[in-house]
Structures are given as structure tokens and as C-alpha cells.
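Structure first, then comments.
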Amino acid sequence: YWREDDARLVLGALERSGETMAAFARRHGVKVRRLEYWRDRVAGEDVAGLELLPVTVTPSLSSSSVVSVTVGNARVDVAEPSQVEPTWLAALVREVSESMR
């Protein structure tokens, strides 16, 4: 049984993974139908409160394991991207963006 908050977390992870729904479901032992159900259930909700930020993500030329995230004229280098939670990075980008206003 999933609560709506649980479903949102899983759907966010699915979106960030870049995987197909079937591949994600297989990897996590989740039924595709459950993902479809929750995707459809929350799809019609209002997203007007979301703010999109202009962000550029590029691999660093100096090291293959470094990813650079550029927001405006600020750059954040992530040395071990696989060790960073996407939600943490999103919060950092939001903070950097707000501090530049």
C-alpha cells in the first residue's frame, strides 16, 4: 500500500533516473501498473507553484567523475555525482539562485 507522499517520491525517482517505466519497475521490484496508476492519479494536479530555474549541467573536462552545475554566473562542481541526492542538489541550486536575486 502506498500513500500519496510515497508515490510522489517514487515517481520523482523514476523521472530523475531517466529509465523507462518498465526498467525502473524491474530494478526496484515494483509493478508497472502501480507506477501508471499513481502517475495518472497525480498527473492532473496544478503545477503552477513550481518554479523552473535555468540550469546548465556539464561534465567537467578535468575529471570524468566531476559534474558542473551552472546557475547564472555561479558554478557548483560535484566531485562524486553518484553520491549526491538529487533533492539535495536541487535545494542547493534553489538557494544559489535565490541568493543571486
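- Minimum interatomic distance between Ala25 and Val32 (heavy atoms only, all atoms of both residues): CB-CG2, 3.7 Å.
- Across all their heavy atoms, Glu19 and Phe24 have their closest contact at OE1-CD1, 3.4 Å.
- Taking the charged nitrogens against the carboxylate oxygens, Asp6 and Arg3 do have a contact shorter than 4.0 Å, which makes a salt bridge.
- Trp2 CH2 to Leu35 CG: the interatomic distance, rounded to the nearest 0.5 Å, is 5.0 Å.
- Residue Met21 is grouped with residue Tyr37 when hydrophobic side chains (ILVMFWY) are merged at heavy-atom distances under 4.5 angstrom, including chains of intermediate members.
- Side chains of Trp38 and Glu4 form a contact here, defined as non-hydrogen atoms less than 4.5 Å apart.
- Using a 4.0 Å cut-off between charged nitrogen and carboxylate oxygen, Glu36 and Arg39 do not count as a salt-bridge pair.
- Rounding to the nearest 0.5 Å places CG of Leu14 at 12.5 Å from CG of Leu9.
- The closest donor-acceptor contact from the side chain of Arg16 to the backbone of Gly12 lies under 3.5 Å.
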